[in-house]
A.B. asks: 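Have a look at the structure that comes next, please.
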Amino acid sequence: MSVQTQLLANDSLQQHFLSGHVSASGRLQALHDRLLQAIPHIDRIACALYDASDDSLTTFINSTRSGTPLPNYHFKLSQSAALSQLAENASIRMLDDLSHALLPTSVHNRWLIEQGYQSSFTVPIYDQRGFLGFVFFDSQQLHAFPEKTQRDLLLYSNLISMTISGEVETIRSLRASTHLACEFAHLRDFETGAHLQRMSHYAKVIAGSVAPRYQLSDEFIEHVFWFAPLHDIGKIGIPDSILLKQGSLTAAERRIMESHVNKGLEIIGKLIDDFGLAEFPDTVELRNIVGCHHEFLDGSGYPRGLHGAAVPISARIVTAADIYDALTTQRPYKQPWSHAQALTELQRMAEAGKLDPHCVAAIASAEAEFAVIGAQFQDSAPVLPSA
Ligand SMILES: [Fe+2]
Ligand SMILES: [Fe+2]
């Protein structure tokens, strides 16, 4: 049976692959299992996502049967003329003999050759908004992608594109609706868009850096990046008189301010229901980030006073990124701190047992990357106090 017949005849595969019950990585593995029955020499399927805000292409999910995955890898699409052209022209690329076709000029080209991959097939994928990313098929055989295989793999690419664009679109809608909710509540300035952009990019860098230690997948890192900007969504439920108050809060006001965490969890719970995401396994990290971004490892945080391992890694990452950005930007009551000053404070908090020391070490080693992010997303409006 051809792949096409097998694929079309098997609705259950499509249903399984598109179902929200399994993570995108799990769905790709299942699809790869099925594909191997028809085309046994596809050793790797990987998908990289494009982010137009910084022209980056980032590894997202992969199913690798031979060779070692290339984890948490990203580069500017404009740095690869060949891939830029594929994205622009919606054209596919088949390389029959990688060792001759690829120059070892980039990390990913060298990595492909080192893994023993001999041929590859690359398909750009799109959604309604435009270019979404690439699906890469690699084989350790030479000439593994004759025309008929290419036709079959285009069908598989469609399926991968459908599941990923569904997931990306859902997250985009979720983020857009929370943004709208903030505007509706006239609170859009309580934390600037630039703060959210910066801290989510910082969080992504930290997550990538601690990924080997905590065994975080690329998909997990991407979820941290997507969900980090929603950490303070609960502030839309805090009265202006407290949220926008200049000067220090009374004990009663502080309790109300701190209730933004539980309000955030309520809002997220409702959005998850409204968007039909209850079965989407990765919303766990959304809840963890919203619910635990003020917890400290020594139990001194709020609202639950969680200790140590009970504080999820996604929240530790977001907390470190959020505090770093608060320290290094101007607030109504203070000038921006330098990277070195902020780091000294974060290291003090790590030594006191509050922050994850590995997340802080990740910030220490990412000064140059953080500087680029800070310069790229600058505040244009005055910043109001944050809890
Ligand atoms: Fe907060
Ligand atoms: Fe924040």
Side-chain angles (χ1 to χ4, degrees), residues 175 178-179 181-183 185 187-207 223-240 242-245 248-249 253-269 271 285-297 300-306 311-312 314-334 336-337 342 345-346 349 354-356 359-360 363 370 373-374 376-387:
R175 282 171 60 169
T178 53
H179 182 71
C182 293
E183 292 213 337
L187 291 175
R188 63 172 174 245
D189 285 335
F190 71 79
E191 284 205 308
T192 65
H195 162 67
L196 301 179
Q197 294 262 34
R198 282 191 305 268
M199 61 79 63
S200 56
H201 280 89
Y202 294 149
K204 184 173 176 172
V205 173
I206 299 170
H223 287 140
V224 168
F225 177 55
W226 289 344
F227 296 143
L230 302 182
H231 65 281
D232 267 340
I233 179 67
K235 284 188 182 169
I236 66 177
I238 304 297
D240 280 10
I242 295 174
L243 190 67
L244 308 181
K245 185 178 174 184
S248 51
L249 301 176
E253 288 169 338
R254 179 148 293 280
R255 267 197 302 281
I256 294 173
M257 184 67 125
E258 292 182 354
S259 73
H260 79 276
V261 173
N262 282 332
K263 286 185 196 304
L265 283 173
E266 279 168 33
I267 293 167
I268 288 299
L271 283 169
E285 295 312 329
L286 176 55
R287 289 180 208 272
N288 283 343
I289 287 170
V290 171
C292 303
H293 72 279
H294 287 288
E295 298 290 354
F296 287 134
L297 302 183
S300 65
Y302 66 87
R304 273 163 282 280
L306 299 178
V311 182
S314 56
R316 299 179 196 197
I317 292 167
V318 166
T319 304
D322 197 32
I323 296 176
Y324 177 86
D325 193 62
L327 294 175
T328 52
T329 49
Q330 188 169 352
R331 297 278 159 136
Y333 47 88
K334 73 166 210 17
W337 290 17
E345 174 62 10
L346 291 172
M349 293 177 78
K354 292 183 184 302
L355 296 181
D356 183 315
C359 293
V360 175
I363 296 176
F370 275 33
I373 294 167
Q376 190 180 358
F377 304 106
Q378 292 193 0
D379 287 307
S380 53
V383 183
L384 295 165
S386 129

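Whatever order the structure lists them in is the order used to number ligands and atoms, beginning at 1.
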A.B. asks: Only N/O/S atoms count here: what is the atom of His294 closest to the Fe ion (ligand 1) called?
C.D. replies: NE2
A.B. asks: Can you list the steps and then say if Ile238 with Met257 is a side chain to side chain contact (heavy atoms under 4.5 Å, CB included)?
C.D. replies: CA-CA 6 Å; Ile238 304 297; Met257 184 67 125; 4.1 Å; yes
A.B. asks: What closest approach, in Å, do Pro303 and Val261 show between heavy atoms, and which atom pair accounts for it?
C.D. replies: CD-CG1, 3.5 Å
A.B. asks: Angle at the Fe ion (ligand 2), NE2 of His231 to NE2 of His195, rounded to 10 degrees, please.
C.D. replies: 120°
A.B. asks: Assign the ring pair Tyr302 / His294 to parallel, tilted or perpendicular, where the plane angle (0 to 90°) is split at 30° and 60°.
C.D. replies: parallel
A.B. asks: For the residue pair His231 and His293, does the interplanar ring angle fall in the parallel (under 30°), tilted (30 to 60°) or perpendicular (over 60°) class?
C.D. replies: perpendicular
A.B. asks: Suppose we only count N/O/S atoms under 2.8 Å; would Asp322 qualify as near the Fe ion (ligand 2)?
C.D. replies: yes
A.B. asks: Can you name the N/O/S atom of Asp232 that is nearest the Fe ion (ligand 1)?
C.D. replies: OD1
A.B. asks: So, His293 and the Fe ion (ligand 2): N/O/S under 2.8 Å, yes or no?
C.D. replies: no
A.B. asks: Would you please classify the geometry between the His223 ring and the Phe227 ring as parallel, tilted or perpendicular, with 30° and 60° separating the classes?
C.D. replies: parallel
